Amino acid sequence: MANICDNKFFISCDNADTLDKIADKLEKLFQTDLDGEIAWQDDTLMEGYFDSRWAFPDHLFENFFDEFDDETIYMRCLSEEYGCGLVSMNIYQDKAWRQPQHFDL
(Lines give C-alpha, C1' and ligand atoms only; values in the text may rest on other atoms or scores of the structure.)
Protein backbone atom coordinates (compact mmCIF):
# COMPACT_ATOMS: atom_id res chain seq x y z
CA MET A 1 0.00 0.00 0.00
CA ALA A 2 1.27 3.46 -0.89
CA ASN A 3 1.78 6.21 1.62
CA ILE A 4 -0.75 8.99 1.11
CA CYS A 5 0.49 12.49 0.40
CA ASP A 6 -1.74 15.45 1.31
CA ASN A 7 -1.55 18.28 -1.25
CA LYS A 8 -2.93 21.74 -0.47
CA PHE A 9 -3.03 24.07 -3.47
CA PHE A 10 -3.60 27.74 -4.24
CA ILE A 11 -4.18 28.95 -7.81
CA SER A 12 -4.59 32.53 -8.99
CA CYS A 13 -5.20 34.07 -12.40
CA ASP A 14 -6.19 37.57 -13.48
CA ASN A 15 -8.72 36.21 -16.01
CA ALA A 16 -11.91 34.80 -14.43
CA ASP A 17 -12.78 32.77 -17.55
CA THR A 18 -9.37 31.11 -17.55
CA LEU A 19 -9.67 30.33 -13.85
CA ASP A 20 -13.07 28.72 -14.47
CA LYS A 21 -11.53 26.56 -17.22
CA ILE A 22 -8.72 25.54 -14.87
CA ALA A 23 -11.35 24.64 -12.24
CA ASP A 24 -13.21 22.49 -14.78
CA LYS A 25 -9.99 20.71 -15.74
CA LEU A 26 -9.16 20.11 -12.07
CA GLU A 27 -12.63 18.71 -11.39
CA LYS A 28 -12.15 16.21 -14.24
CA LEU A 29 -8.78 15.25 -12.79
CA PHE A 30 -10.42 14.73 -9.39
CA GLN A 31 -12.98 12.41 -11.01
CA THR A 32 -10.40 10.29 -12.84
CA ASP A 33 -6.99 10.34 -11.14
CA LEU A 34 -7.01 12.13 -7.78
CA ASP A 35 -9.25 12.35 -4.75
CA GLY A 36 -9.66 16.08 -4.17
CA GLU A 37 -11.82 19.13 -4.20
CA ILE A 38 -11.80 22.86 -4.77
CA ALA A 39 -12.68 24.20 -1.33
CA TRP A 40 -13.03 27.88 -2.26
CA GLN A 41 -13.06 29.98 -5.43
CA ASP A 42 -13.80 33.55 -6.49
CA ASP A 43 -13.04 35.44 -9.72
CA THR A 44 -9.25 35.35 -9.36
CA LEU A 45 -8.34 32.77 -6.68
CA MET A 46 -9.02 29.18 -5.74
CA GLU A 47 -7.88 26.90 -2.97
CA GLY A 48 -8.29 23.19 -2.48
CA TYR A 49 -6.65 19.89 -1.77
CA PHE A 50 -6.08 16.43 -3.17
CA ASP A 51 -4.45 13.17 -2.16
CA SER A 52 -1.71 11.42 -4.12
CA ARG A 53 0.70 8.55 -3.57
CA TRP A 54 4.08 9.29 -1.97
CA ALA A 55 4.61 12.82 -3.41
CA PHE A 56 3.21 15.61 -5.57
CA PRO A 57 2.03 14.00 -8.85
CA ASP A 58 4.44 15.74 -11.27
CA HIS A 59 3.30 13.55 -14.16
CA LEU A 60 -0.28 14.87 -13.91
CA PHE A 61 0.65 18.54 -13.62
CA GLU A 62 3.73 18.78 -15.85
CA ASN A 63 1.73 20.07 -18.85
CA PHE A 64 -1.48 20.93 -17.01
CA PHE A 65 -1.45 24.66 -17.85
CA ASP A 66 -0.03 24.41 -21.40
CA GLU A 67 -3.40 24.94 -23.12
CA PHE A 68 -3.96 28.26 -21.33
CA ASP A 69 -2.30 31.25 -22.97
CA ASP A 70 -2.20 33.32 -19.81
CA GLU A 71 0.98 34.49 -18.11
CA THR A 72 -0.85 35.43 -14.90
CA ILE A 73 -1.53 31.82 -13.86
CA TYR A 74 0.16 31.04 -10.56
CA MET A 75 -0.06 27.81 -8.56
CA ARG A 76 1.63 26.67 -5.42
CA CYS A 77 1.09 23.32 -3.79
CA LEU A 78 2.30 22.26 -0.37
CA SER A 79 2.69 18.48 -0.22
CA GLU A 80 3.10 16.51 3.01
CA GLU A 81 3.73 12.77 3.24
CA TYR A 82 3.69 11.93 6.91
CA GLY A 83 4.99 8.35 6.72
CA CYS A 84 8.41 9.35 5.41
CA GLY A 85 8.44 12.91 6.73
CA LEU A 86 8.52 14.51 3.27
CA VAL A 87 7.41 18.10 2.81
CA SER A 88 7.67 19.83 -0.58
CA MET A 89 6.54 23.00 -2.32
CA ASN A 90 5.80 23.03 -6.04
CA ILE A 91 5.29 26.39 -7.76
CA TYR A 92 4.06 27.22 -11.27
CA GLN A 93 4.69 30.81 -12.36
CA ASP A 94 5.52 32.65 -15.60
CA LYS A 95 4.33 29.64 -17.65
CA ALA A 96 6.82 27.20 -16.08
CA TRP A 97 7.29 25.01 -13.03
CA ARG A 98 10.06 26.05 -10.68
CA GLN A 99 12.43 23.46 -9.27
CA PRO A 100 10.52 21.86 -6.36
CA GLN A 101 11.73 22.61 -2.85
CA HIS A 102 11.94 19.47 -0.69
CA PHE A 103 12.34 19.26 3.05
CA ASP A 104 12.98 15.87 4.65
CA LEU A 105 12.13 15.70 8.34
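Values in this document were obtained by computation on a predicted structure and should not be read as measured data.
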Next on the checklist: Between Lys8 and Glu47, does any side-chain N to carboxylate O distance fall below 4.0 Å?
Outcome noted: no
Item to check | Same apolar cluster: Ile11 and Leu45, side chain cutoff 4.5 Å | outcome: no
Item to check | ILVMFWY network linking Phe103 to Ile91, side-chain heavy atoms under 4.5 angstrom | outcome: yes
Checklist entry - At what distance, to the nearest 0.5 angstrom, does CD of Glu80 lie from SG of Cys5? => result 8.0 Å
Checklist entry - Can you tell me how far the NZ atom of Lys21 sits from the CG atom of Asn15, to the nearest 0.5 Å? => result 7.5 Å
Checklist entry - Any idea which heavy atoms bring Asp51 and Leu34 closest together, and the distance? => result O-CD2, 3.4 Å
Next on the checklist: Per the ring pair (Phe, Tyr, Trp, His ring centres under 6.0 Å) rule, what does the pair list look like for residues 75-98, sequence neighbours excluded?
Outcome noted: Phe56-Trp97, Phe65-Tyr92, Tyr92-Trp97
Next on the checklist: Using the ring centroid of each side chain, check whether Phe61 and Phe9 are separated by less than 6.0 Å.
Outcome noted: no
Item to check | Pairwise side-chain contact, Phe50 with Leu29, heavy-atom cut-off 4.5 Å (strictly under) | outcome: no
Item to check | Same apolar cluster (I L V M F W Y, side chains within < 4.5 Å links), Phe10/Ile38 | outcome: no
Checklist entry - Between Asp43 and Leu19, which heavy-atom pair has the shortest distance, and what is it? => result O-CD2, 3.7 Å
Next on the checklist: Keeping Glu37 on the side-chain end and Ala39 on the backbone end, is there a donor-acceptor pair under 3.5 Å?
Outcome noted: no
Checklist entry - How many angstroms lie between CE in Met89 and NE2 in His102, if you round to the nearest 0.5 Å? => result 12.0 Å
Item to check | Pairwise distance OG(Ser52) to CG(Asp35) - rounded to 0.5 angstrom | outcome: 10.5 Å
Item to check | Asn90 to Pro100 - nearest heavy-atom pair and separation | outcome: OD1-CB, 3.3 Å
Next on the checklist: Determine whether Ser79 and Asn7 satisfy the following criterion, side chain to side chain contact (heavy atoms under 4.5 Å, CB included), listing intermediate values before the conclusion.
Outcome noted: CA-CA 4 Å; Ser79 302; Asn7 301 276; 2.5 Å; yes
Next on the checklist: Is there a continuous path of hydrophobic side-chain contacts, each under 4.5 Å between heavy atoms, that joins Met46 to Phe30?
Outcome noted: yes
Name every donor-acceptor pair, under 3.5 Å, that has one atom in a side chain of residues 66-78 and the other anywhere in the protein, sequence neighbours excluded.
| from | atom 1 | to | atom 2 | distance (Å) |
| --- | --- | --- | --- | --- |
| Glu67 | OE1 | Lys25 | NZ | 2.8 |
| Asp69 | OD1 | Lys95 | NZ | 3.1 |
| Asp70 | OD1 | Thr72 | N | 2.7 |
| Asp70 | OD1 | Thr72 | OG1 | 2.5 |
| Thr72 | OG1 | Asp14 | N | 3.0 |
| Tyr74 | OH | Arg76 | NH1 | 3.4 |

